[in-house]
> 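My structure is below; once you've seen it, I'll send some questions.
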2 protein chains.
Amino acid sequence: MARATIKTVAQAAGVSISSVSRALNGQTSNPDTVARVRAAAAQVGYLPSAAAQTLKTRHTGQIAFAMEDIGNPAYLAMVRAIQPLLRSAGYRLLLHSTGADVGEEIQVLESLNQHYVDGLVLCPIRVTDRHLAALAQTAVPVVVIGSLPETVDVDAVRADSRTGTRLAVEHLAAAGCRDIALVNGPADTTPGSARYAGYVDGLRSAGLPVRDELVRFTNFHIAGGLEATKDLLAGTPIDGLVGANDRIAIGAMQALREAGRVVPRDVKVVGIDDTELAATAYPPLTSVDLGAAQRGQLAAQLLLDRLAGRAAARTRVAVEPSLNIRESSR
Amino acid sequence: MARATIKTVAQAAGVSISSVSRALNGQTSNPDTVARVRAAAAQVGYLPSAAAQTLKTRHTGQIAFAMEDIGNPAYLAMVRAIQPLLRSAGYRLLLHSTGADVGEEIQVLESLNQHYVDGLVLCPIRVTDRHLAALAQTAVPVVVIGSLPETVDVDAVRADSRTGTRLAVEHLAAAGCRDIALVNGPADTTPGSARYAGYVDGLRSAGLPVRDELVRFTNFHIAGGLEATKDLLAGTPIDGLVGANDRIAIGAMQALREAGRVVPRDVKVVGIDDTELAATAYPPLTSVDLGAAQRGQLAAQLLLDRLAGRAAARTRVAVEPSLNIRESSR
DNA sequence: CGATGTCTCGGAAACGTTTCCGGGCGATGG
DNA sequence: CCATCGCCCGGAAACGTTTCCGAGACATCG
């Protein structure tokens with residue numbers, strides 16, 4: 001049998017299609033008619049066509065979340081925070097994993113003009129001029145999780161990962177570490193450069209020198225942390241290590257174990273993001289909480305406000321970091 | 001400025017809207033016209049409206065993937081396998097995290113009749129009569145990852161987790177374990193019951209007795225594994241343990257550590273799913289690979305085939321398990 | 001040179017909704 | 001009893017595409 005449309009319902013209920021639409025959408029109409037229409041709709045198994053509704057109302061009920069990599073537990077925390085908010089507001093969530101590819105991110109931004117979603121939460125790991133250009137002319141509201149130039153007219157919520165990294169270094173210094181290494185992500189990413197700056201801040205405030213031989217740049221994965229740390233250990237001795245990421249820190253702990261160094265006795269380790277990985281690692285990993293869940297929640301709320309027309313001027317929010325101390329640095 | 005529609009382009013190019021549609025969709029038309037239309041479209045920044053196209057072509061370009069929990073790395077592997085396949089076929093991926101709630105899963109199935117996606121990959125953890133009823137009358141193709149009664153006319157690809165669990169038990173028995181525990185998921189889930197059956201199979205084939213005091217049922221999370229294992233250790237002594245899940249196994253290893261038992265010297269541990277967690281755990285966890293990535297890939301391919309009209313009759317595929325031996329059982 | 005065919009294009013219908021607008025009808029007030 | 005008002009309802013337009021159909025223009029063939 002063919003699909004039930006509003007016409008089917010109208011015939012079954014013996015009313016016009018306008019009445020069906022009104023009855024089902026809660027417009028003023030005779031309670032009696034409403035009941036008849038409801039019954040008819042249920043009987044023929046009517047469900048409104050998403051496409052037709054969207055075309056008419058210019059409202060899709062979908063919101064997209066674009067991130068670098070679904071496998072990164074930091075994004076997982078965000079998704080977990082965003083999902084229930086959107087759902088209770090009646091939106092479906094669309095996930096894009098862009099693989100940190102600028103082209104793909106731009107493509108997502110441009111395709112917004114096709115109106116297949118009502119809004120977007122974007123987590124760029126680098127922000128290029130092409131991003132800014134694309135952001136300037138999107139058809140639907142966008143909220144960025146990350147840093148953005150002040151001049152850009154887009155809502156954003158960011159973590160303070162510079163301060164967060166400084167906290168990590170200060171914590172290690174306070175625990176007596178003198179040779180504190182940083183295994184960082186790529187230098188040309190926003191988080192990478194912020195974390196390097198925070199590392200330098202931390203050494204300064206602890207009165208320690210900045211030594212290039214203690215710093216490595218790699219990617220944000222476990223394997224990257226493992227390799228970079230091996231390389232690091234082949235050079236100078238260290239007694240403390242900050243991973244720019246929980247994943248990097250876990251890779252680093254593997255490398256230390258393989259090199260026969262005991263964490264935290266020989267080397268104390270701190271990660272960043274405080275993901276699920278940190279608590280379940282061995283030894284449990286001290287980590288800087290950059291408020292991923294909170295950022296996700298704020299971003300979703302900002303977007304919902306804007307979609308509801310409640311939002312004011314451009315909003316910029318920063319979330320404060322906090323340190324979560326576990327075995328790896330005791 | 002208002003949004004550019006096909007009319008805008010038609011005016012700018014000095015042709016009719018039908019010609020614009022033909023030119024852009026590669027229908028036969030004068031190469032000269034095509035060029036003019038392309039130029040005009042680029043100039044006014046035209047992008048077709050997803051809703052209007054969907055309404056007309058009854059084709060959304062979206063495919064949904066519904067799972068229990070995005071945080072479970074087993075699903076992550078599936079998503080990672082599915083995403084590139086769909087993308088290169090021109091589909092966007094929509095993720096649903098249902099929280100193993102039957103109601104939500106049914107809702108997803110029913111909302112398929114709103115045609116907001118072209119197809120669905122569903123990973124149910126339990127299969128109820130309501131599932132079967134809803135599956136029977138979906139408007140779009142569905143592929144299930146999991147077990148389904150033979151009578152249901154739906155494509156499915158499943159893991160053989162019964163055999164997988166048997167392999168785990170046999171491996172432990174071969175390594176000299178006599179008191180092999182099972183920390184299982186909920187008994188009323190498909191994976192839970194299959195794994196219990198496989199556990200019994202394994203004990204039988206190793207000539208060991210089945211002892212109820214060695215079995216616990218909990219949820220599929222780390223915390224569940226931790227608690228259930230604590231409870232287990234308070235009872236009988238064990239020298240081997242199978243976690244129905246890598247997450248459970250990792251929780252179990254934590255409990256063992258807290259109880260002062262060394263893995264693998266005192267107790268050998270095996271997990272199931274062979275997720276990213278297994279390789280990065282300490283000690284690295286022996287785990288049964290149930291072919292999550294392969295299942296995802298097969299399911300996506302099956303769905304794409306069906307959407308392209310290439311598919312034959314109902315297809316049922318099973319993926320073979322294999323054991324990945326690491327430190328935790330050496 | 002007329003008939004036939006090919007190629008390209010424009011008009012119009014259709015997809016399934018929502019919403020504006022006008023009309024019918026009963027109730028109310030003078 | 002007539003005019004007015006408010007409540008419901010039906011008709012029709014509109015959202016932005018795709019696609020069918022028919023009409024010209026031009027070349028080709030008998």
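Chain A is the first sequence line, chain B the second, and so forth, proteins listed ahead of strands; every chain is numbered from 1.
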> Which of parallel (below 30°), tilted (30 to 60°) and perpendicular (above 60°) describes A/Y91 and A/H59?
tilted
> Measure across B/L112 and B/L120 and return the closest heavy-atom pair with its distance rounded to 0.1 Å.
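It is CD1-CD2, 3.7 Å.
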> Angle, rounded to 10°, between the helical axes spanning five pairs at each terminus of the helix from C/dC1-D/dG30 to C/dG30-D/dC1?
60°
> If you apply the rule salt bridge (Lys or Arg N to Asp or Glu O under 4.0 Å), what do you find for A/D155 with A/R306, and how did you get there?
CA-CA 10 Å; A/D155 292 337; A/R306 213 164 264 293; 2.6 Å; yes
> Within this structure, what is the OH-to-P distance between B/Y46 and D/dG16, rounded to whole angstrom?
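Rounded to whole Å, this separation is 10 Å.
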> Take the protein atom CD1 of A/I6 and the nucleotide atom P of C/dC15, then report the distance between them rounded to whole Å.
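After rounding, the gap between these two atoms is 14 Å.
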> Side chains of A/S19 and A/S16: any donor to acceptor distance under 3.5 Å?
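A/S16 vs A/S19: donor-acceptor pair found between side chains.
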> Base, backbone or nothing for each nucleotide of nucleotides 7-12 of chain D, written B, S, -, heavy atoms under 4.0 angstrom, 5' to 3'?
-SBBBB
> Check this one for me: any side-chain N or O of A/R58 less than 4.0 Å away from OP1 or OP2 of D/dG16?
yes
> With a 4.0 Å limit, can you tell me whether B/Q53 has a side-chain N or O closer than that to the phosphate oxygens OP1/OP2 of D/dT18?
yes
> Under 3.5 Å, is there a donor on one side chain and an acceptor on the other for B/Q62 and A/Q62?
yes
> From NE2 of B/H59 over to P of C/dA14, roughly how many Å is that when rounded to an integer?
24 Å
> Are any non-hydrogen side-chain atoms of A/H131 and A/V144 less than 4.5 angstrom apart?
no
> So what does B/S49 touch, heavy atoms closer than 4.0 Å: a base, only the sugar-phosphate, or nothing?
sugar-phosphate
> Is A/R314 paired with A/E150 through a side-chain N to carboxylate O contact shorter than 4.0 Å?
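Salt bridge present between A/E150 and A/R314.
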> Please name the pair of heavy atoms, one in B/A300 and one in B/L86, separated by the smallest distance, quoted to 0.1 Å.
CB-CD2, 4.4 Å
> Rounded to the nearest Å, what distance is computed from the CG atom of residue B/L47 to the P atom of nucleotide D/dG16?
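To the nearest whole Å, that distance equals 14 Å.
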> Does a side chain donor of either B/D69 or B/S97 reach within less than 3.5 Å of an acceptor in the other side chain?
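No pair is found: no donor N or O on one side chain lies under 3.5 Å from an acceptor on the other.
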> Rounding to an integer number of Å, can you tell me how far B/L24 CG sits from D/dT19 C1'?
15 Å
> Write down the distance between CG (B/N113) and C1' (C/dG16), rounded to a whole number of angstrom.
15 Å
> According to a strict under-4.0 Å criterion, is A/R3 in side-chain N/O contact with OP1 or OP2 of C/dC15?
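So the side-chain polar atoms of A/R3 never come under 4.0 Å of the phosphate oxygens OP1 or OP2 of C/dC15.
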> How long is the line joining NZ of A/K56 and C1' of C/dT18, in whole Å?
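That distance rounds to 5 Å.
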> It should be established whether B/T5 places a side-chain nitrogen or oxygen under 4.0 Å from OP1 or OP2 of nucleotide D/dG16.
no
> Just to be sure I understand the geometry, which residues of residues 34-42 of chain B put a non-hydrogen atom under 4.0 Å away from DNA chain D?
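Here the set is empty: none.
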> Starting at CG of B/L55 and ending at C1' of C/dA14, how long is that distance when rounded to a whole Å?
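In whole Å, C/dA14 C1' and B/L55 CG are 9 Å from each other.
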